[in-house]
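Below is one structure, written out as structure tokens; comments come after it.
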Amino acid sequence: MTVTTDKPPTTETLCEARNVSHEFVMPNGSKLSVLEDINMAIKPLEVVALLGPSGCGKSTILRILAGLIKPTAGEVFYHGERVSGLTPGVGIVFQSFALYPWMTVTENVNVVLQAAGLPSNEISQRAENAIRTVGLAGFEEAYPRELSGGMKQRLGIARALSVNPECLFMDEPFSHVDALTAEGLRAEVIDLWQPEDQNPSSILMVSHDIKEVVYMADRIIVLSSHPGRVRTVVDNPLPRPRDYRSRESEQLVDYLHEIITGNELPDVPAAMHRRGVLLEPLPRTTTSAIAGLLEYLEAKGGSDEIFEIAAATDQEFGTMIAIVKAAEMLGFVDTPKQDVHLTPEGHRFVRAEPDERKAIWREQLLKLRFFREIYDLLRSEDGEVNAEIIYERIATAMPHEKYETVFDTMVRWARFGNLFAYDEDTERLSLQ
Ligand code: ADP
Ligand code: MG
């Protein structure tokens with residue numbers, strides 16, 4: 001296919017991965033090869049999509065290009081310069097919104113600008129602009145819980161745009177938003193991108209939704225999995241504004257379907273969204289990271305501001321949120337406004353001896369519906385069940401999470417509290 005977009009062709013690249021491979025070291029020390037020899041570039045004024053099944057490494061590529069993860073091999077370039085550390089010029093929109101629930105809309109934008117080191121007069125101006133741009137004017141003082149899914153992601157986009165990024169990275173940005181709202185937001189994002197003399201110049205989006213990439217992208221990089229490799233790159237020459245239901249769109253969707261044979265892109269059945277079935281996902285955190293946060297707070301006299309904690313502990317934004325959320329789920333901290341406070345349980349935990357800590361941990365776990373359910377199940381099944389049953393429960397209750405990841409976190413938390421254990425050889429959970 002030839003490219004006939006309204007943007008001029010160019011040989012210059014903004015952001016580029018050269019020979020990037022990545023391995024994760026698993027808890028048992030084994031290595032998981034996730035990406036193999038990825039070569040890709042984002043040029044000015046284009047929308048690029050990474051398309052592939054869940055778990056193929058899309059988010060890992062995005063994080064490597066953003067400089068959030070250092071690849072095991074290969075390099076990242078920005079405007080032809082090798083990047084080490086965070087890639088300049090990139091703003092990121094996360095799938096899970098990554099909002100601070102205890103901050104207002106304005107505060108959620110401010111925190112990003114503060115982290116970027118901007119002076120306070122510029123912060124308020126930029127925050128106001130970004131909030132207006134995404135249509136959240138009038139909601140400045142609202143908290144995330146008061147916003148719909150679509151509005152939460154508008155806020156996510158405002159945060160990314162507030163730093164005026166040359167490249168906007170979006171990781172499955174609309175997968176937690178209802179279909180109709182997602183259609184509207186995609187069109188708005190394209191409208192934001194279209195003026196050539198304004199940032200963002202380019203967009204990199206991660207998606208497992210073929211219709212979405214056909215609507216959004218100029219170029220679609222199709223990935224295969226285990227390990228993630230570039231399978232092929234498909235140009236999308238359809239003129240804008242695009243129509244999901246046009247014959248040309250549908251043809252391209254069919255073509256991409258054919259490439260991705262074997263029906264690798266399952267959608268979450270609607271029934272799983274039913275209220276009451278869903279459980280709050282477990283943030284991917286280790287018990288030691290949570291204990292570390294509590295110890296830090298204790299040393300600070302029981303509370304500290306979230307920015308201070310992030311700076312003092314040198315944590316990435318998303319990691320920090322996950323740790324605080326986990327500690328809050330477990331009842332060890334409260335998070336009024338921008339503060340994180342130890343609760344009485346949190347105080348009790350940090351001051352306890354190791355064995356007592358485990359006992360407190362166990363008590364707190366049993367207050368969580370997810371752990372209580374599994375514990376009760378184990379007791380009704382003579383103390384042992386197959387991991388498969390739990391996988392299924394996780395997949396139903398937390399359809400947007402990777403069940404292996406949730407399972408992994410669950411096992412670690414449970415093991416620390418001597419609640420139950422998992423045997424990898426037999427693939428069975430048992431009471432301790
Ligand atoms: P995608 O975004 O395409 O769904 P990811 O990039 O999130 O895929 O993950 C690719 C693979 O790497 C998956 O098998 C996932 O379980 C694994 N993975 C991702 N992050 C980590 C991590 N921090 N530690 C270990 N494995 C990880
Ligand atoms: Mg992902």
Side-chain angles (χ1 to χ4, degrees), residues 17 20-38 40 48-74 76 92-98 153 156 169-177 203-210 212-213 216-217 220-231 256 259-260 262 264-268 281-289 315-323 326 387 391 394-395 398-413 424:
V20 162
S21 297
H22 195 66
E23 287 175 343
F24 282 112
V25 180
M26 303 311 281
N28 63 6
S30 68
K31 286 183 178 159
L32 177 69
S33 174
V34 173
L35 298 174
E36 206 168 86
D37 202 26
I38 302 288
M40 60 168 283
V48 177
L50 289 171
L51 176 69
S54 177
C56 76
K58 302 179 296 294
S59 295
T60 306
I61 297 180
L62 180 134
R63 294 163 80 82
I64 287 172
L65 283 170
L68 294 169
I69 302 178
K70 187 176 156 36
T72 326
V76 172
I92 311 179
V93 179
F94 294 97
Q95 178 178 24
S96 57
F97 316 134
Q153 197 52 299
F169 283 14
M170 308 182 94
D171 190 347
E172 310 221 17
F174 309 123
S175 60
H176 292 188
V177 172
I203 296 178
L204 171 67
M205 80 173 309
V206 158
S207 182
H208 68 267
D209 181 339
I210 297 178
E212 174 169 89
V213 304
M216 301 276 295
I220 299 157
I221 301 178
V222 184
L223 300 169
S224 57
S225 15
H226 307 302
R229 293 200 190 93
V230 175
R231 186 186 284 184
L256 287 162
I259 294 177
I260 304 162
E264 286 178 294
L265 304 175
D267 270 333
V268 177
L282 302 181
R284 176 147 88 194
T285 340
T286 61
T287 52
S288 55
Q315 302 268 15
E316 182 201 320
F317 186 65
T319 313
M320 190 67 221
I321 290 192
I323 300 169
Y391 281 158
I394 297 172
M398 306 171 193
H400 295 297
E401 304 295 312
K402 270 192 219 97
Y403 67 83
E404 307 101 300
T405 310
V406 175
F407 184 82
D408 207 57
T409 305
M410 175 199 82
V411 166
R412 289 186 209 201
W413 290 17
E424 275 177 22

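Counting starts at 1 for both ligands and their atoms, in listed order.
- Distances shorter than 4.0 angstrom occur between a heavy atom of K402 and an atom of ligand 1.
- Nearest heavy-atom pair, T285 versus W413, reported as atom, atom and distance to 0.1 Å: O-NE1, 3.1 Å.
- The nearest protein atom to atom 8 (O) of ligand 1, hydrogens excluded, is given as G57 N, 3.2 Å; this is a heavy-atom distance.
- Ordered by chain and number, S59 OG make up the set of protein N, O or S atoms under 2.8 Å of the Mg ion (ligand 2).
- Scanning all heavy atoms of the two residues, the minimum distance from T72 to E23 falls at OG1-N, 2.8 Å.
- Of all protein heavy atoms, the one closest to atom 4 (O) of ligand 1 is G55 N, 2.7 Å.
- Atom 23 (N) of ligand 1 has its closest protein heavy atom at F24 CE2, 3.5 Å.
- Heavy atoms only, all atoms of each residue included: S207 and K58 are closest at O-CD, 3.5 Å.
- Taking 4.0 Å as the cut-off, C56 counts as a neighbour of ligand 1 on heavy-atom distance.
- For the pair T60/F24, a side-chain contact is recorded, criterion being any heavy-atom separation below 4.5 Å from C-beta on.
- Looking at T60 against ligand 1, both its backbone and its side chain come within 4.0 Å, counting heavy atoms.
- Applying the 4.0 Å criterion to heavy atoms of S54 picks out, from ligand 1, the atoms 4 (O).
- Contact annotation: for R284 versus ligand 1, heavy atoms closer than 4.0 Å belong to the side chain alone.
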